[in-house]
There are 2 protein chains.
Amino acid sequence: MDVRSQILSSATRMFARRGFDGTSLQTIADEVGIRKPSLLYHFPSKEALRERVLDNLIQHWSEVLPRLLGEVTSGRGQFDVLTRELVSFFEEDPDRARLVLRELMDRPEDMEARLRNGVRPWVALLSDYIRRGRDAGDLLREVDPEAYVVHVITLAVCGIAARPLLTDALLEHGDAGDGVDVETRHTRELLRIARASLFTDPLRIEPR
Amino acid sequence: MDVRSQILSSATRMFARRGFDGTSLQTIADEVGIRKPSLLYHFPSKEALRERVLDNLIQHWSEVLPRLLGEVTSGRGQFDVLTRELVSFFEEDPDRARLVLRELMDRPEDMEARLRNGVRPWVALLSDYIRRGRDAGDLLREVDPEAYVVHVITLAVCGIAARPLLTDALLEHGDAGDGVDVETRHTRELLRIARASLFTDPLRIEPR
DNA sequence: CCTACCGATCGGTAGG
DNA sequence: CCTACCGATCGGTAGG
């Protein structure tokens with residue numbers, strides 16, 4: 001892996017875990033094994049590095065999303081696929097969720113612009129789809145389509161960003177007799193909540 | 001208000017909005033109208049200030065919670081009261097949610113200890129209650145009591161911490177013809193999701 | 001990609 | 001609660 005990618009990778013992990021202000025260029029340079037001025041040769045400023053880190057994350061997501069939404073043509077099983085993919089994306093690397101969450105808090109104005117451009121069109125598309133399903137009677141009539149989508153995304157991002165801590169501190173380990181670990185229980189319940197608050201017929205909800 | 005309280009109040013707001021590392025003692029002192037060494041007379045270190053800020057928040061919450069849980073004796077309406085109180089607590093001052101979220105990310109080990117002592121007993125109590133309701137058939141049988149409680153708390157904290165941004169960026173303003181603002185829609189849908197994924201009979205779910 | 005260096009700011013102390 | 005000051009570290013630049 002070239003130096004530039006190593007820097008981006010280190011920065012992503014450290015920004016996610018310690019925050020932008022809590023991460024110095026020196027510690028990133030140390031981890032990569034170069035001097036600080038060398039780092040600033042690849043990225044003109046700390047701020048520029050932050051932007052590249054974020055672009056990287058969003059690009060990854062914006063490549064996957066259109067394909068996924070293409071698959072969601074109709075029917076209820078499709079929604080499961082989408083929610084599961086959202087959860088998987090963040091579970092695959094929880095630092096993604098942490099990074100999103102931090103940017104949301106540290107740079108609300110910047111993040112609002114990014115969300116407006118990159119995420120809102122998809123939220124609108126999904127919402128319209130939910131609205132039709134609702135009006136056709138397939139989904140609970142009380143659903144607020146836009147707000148529902150926002151809540152499910154929130155739950156996926158925040159639940160996974162804080163997961164190791166939440167499960168360790170609040171869930172009893174090994175108390176379920178079925179040998180299912182707490183992380184799986186956490187994910188399973190997230191998906192269940194998303195389904196149960198959307199579909200009309202809870203009996204047709206099959207376990208994962 | 002005495003100086004000490006002013007410092008605590010300023011620190012709480014700034015830690016919540018800019019983060020601990022993003023807040024300097026100088027800016028807090030400026031806001032209070034004293035010099036930095038004077039601030040360090042009231043609180044021996046920045047770290048000590050952080051701890052007092054957090055103690056403050058948790059104390060507030062741990063006073064209200066026992067009373068609330070006392071009211072939740074039985075029946076479904078009670079659950080609404082509790083979830084609503086949780087949401088109200090954070091809506092009253094969204095910086096509370098932001099502070100919790102930041103500490104969760106910046107100091108996972110510390111926060112785990114606090115949650116284990118202060119929150120977990122209540123989660124266990126609520127979970128047992130849900131488990132009984134579930135086994136009695138009042139609640140959906142698929143519910144995972146502990147995981148459910150954790151998700152509802154997550155949704156309240158994160159939804160409100162990031163709310164102004166999420167609603168501005170992702171929800172269409174003024175599109176609902178009923179004159180309901182986006183914040184109300186957001187809260188209403190949160191409560192609806194919590195209810196719909198818990199209770200057996202969706203028809204008995206009354207709007208707020 | 002390096003050495004050498006910069007001004008600004010950080011949390012914190014001495015002493016009154 | 002103040003003035004005066006400290007060493008350490010910050011992001012960043014000059015020059016090669």
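Quick note: numbers below take in every heavy atom, side chains included, and nothing from hydrogens, waters or symmetry partners. Residue numbers start from 1 in every chain, and the chains themselves are labelled A, B, ... in the order their sequence lines are given, proteins ahead of strands.
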Using whole Å, report how far [atom1] of [X] lies from [atom2] of [N].
{"X": "B:L49", "N": "C:dG12", "atom1": "CG", "atom2": "P", "answer": "10 Å"}
{"X": "A:Q26", "N": "D:dA8", "atom1": "CD", "atom2": "C1'", "answer": "12 Å"}
{"X": "A:R4", "N": "C:dC1", "atom1": "CZ", "atom2": "P", "answer": "12 Å"}
{"X": "B:L40", "N": "C:dG15", "atom1": "CG", "atom2": "C1'", "answer": "15 Å"}
{"X": "A:R50", "N": "D:dG11", "atom1": "CZ", "atom2": "P", "answer": "12 Å"}

Run the side-chain hydrogen bond (donor to acceptor under 3.5 Å, both in side chains) test against [X] and tell me which residues pass, sequence neighbours left out.
{"X": "A:S5", "value": "A:D2"}
{"X": "B:N56", "value": "none"}
{"X": "B:E109", "value": "none"}
{"X": "A:R114", "value": "A:D55"}

Original post:
Tell me, which pairs form a salt bridge (Lys or Arg N to Asp or Glu O under 4.0 Å) where one or both residues lie in residues 151-165 of chain B, sequence neighbours left out?
Top reply: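 Only B:E91-B:R163, B:R163-B:E183 qualify under salt bridge (Lys or Arg N to Asp or Glu O under 4.0 Å).
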**OP:** Provide the full list of salt bridge (Lys or Arg N to Asp or Glu O under 4.0 Å) pairs with a residue in residues 27-47 of chain B, sequence neighbours left out, each pair given once.
**Re:**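 Residue pairs passing salt bridge (Lys or Arg N to Asp or Glu O under 4.0 Å), neighbours aside: B:R13-B:E31, B:E47-B:R50, B:E47-B:R107.
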Pairs under 3.5 angstrom, nitrogen or oxygen only, protein versus nucleotides 2-5 of chain C, please.
residue: C:dC2; atom: OP2; partner: A:R35; partner atom: N; Å: 2.8
residue: C:dC2; atom: OP2; partner: A:S38; partner atom: OG; Å: 2.1
residue: C:dT3; atom: OP2; partner: A:R35; partner atom: NE; Å: 3.1

Original post:
When we call it a touch if two heavy atoms are under 4.0 Å apart, what does A:L25 touch: a base, just sugar-phosphate, or nothing?
Top reply: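 It contacts sugar-phosphate atoms only.
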Subject >> Each stem that DNA chain C is part of, given as range with range (3 or more consecutive Watson-Crick or G-U pairs, under 3.5 Å) >> reply: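 The stems are C:1-16 with D:1-16.
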Subject >> Pairs involving residues 15-25 of chain B, ordered by first then second residue, that meet side-chain hydrogen bond (donor to acceptor under 3.5 Å, both in side chains) (sequence neighbours left out) >> reply: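 Output for this query lists B:R17-B:D95.
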**OP:** Just do the salt bridge (charged side-chain N to carboxylate O under 4.0 Å, His left out) check on A:R131 and A:E146 with the steps written out, would you?
**Re:** CA-CA 9 Å; A:R131 202 183 313 276; A:E146 285 86 7; 2.5 Å; yes
Subject >> Pairing residues for B:F15 by the ring-ring contact (aromatic ring centres under 6.0 Å, His included) criterion, not counting sequence neighbours >> reply: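 Once residues adjacent in sequence are excluded, the partners of B:F15 under the ring-ring contact (aromatic ring centres under 6.0 Å, His included) criterion are B:F20.
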**OP:** State which residues pass ring-ring contact (aromatic ring centres under 6.0 Å, His included) with B:W122; sequence neighbours excluded, sorted by chain then number.
**Re:**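 Here no residue qualifies.
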Subject >> Residues touching DNA chain D, which here means a heavy atom under 4.0 Å, drawn from residues 14-24 of chain A >> reply: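 A:T23, A:S24 - these, ordered by number, are the residues of the stretch whose heavy atoms sit under 4.0 Å from the strand.
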**OP:** Mind telling me whether A:W61 and A:F89 have parallel, tilted or perpendicular rings, with 30° and 60° as the class edges?
**Re:**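 A:F89 vs A:W61 ring planes: tilted.
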Original post:
Which nucleotide sits closest to the side chain of A:S45: D:dG12, D:dC1, C:dG12?
Top reply: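 Looking only at side-chain atoms, A:S45 lies closest to D:dG12.
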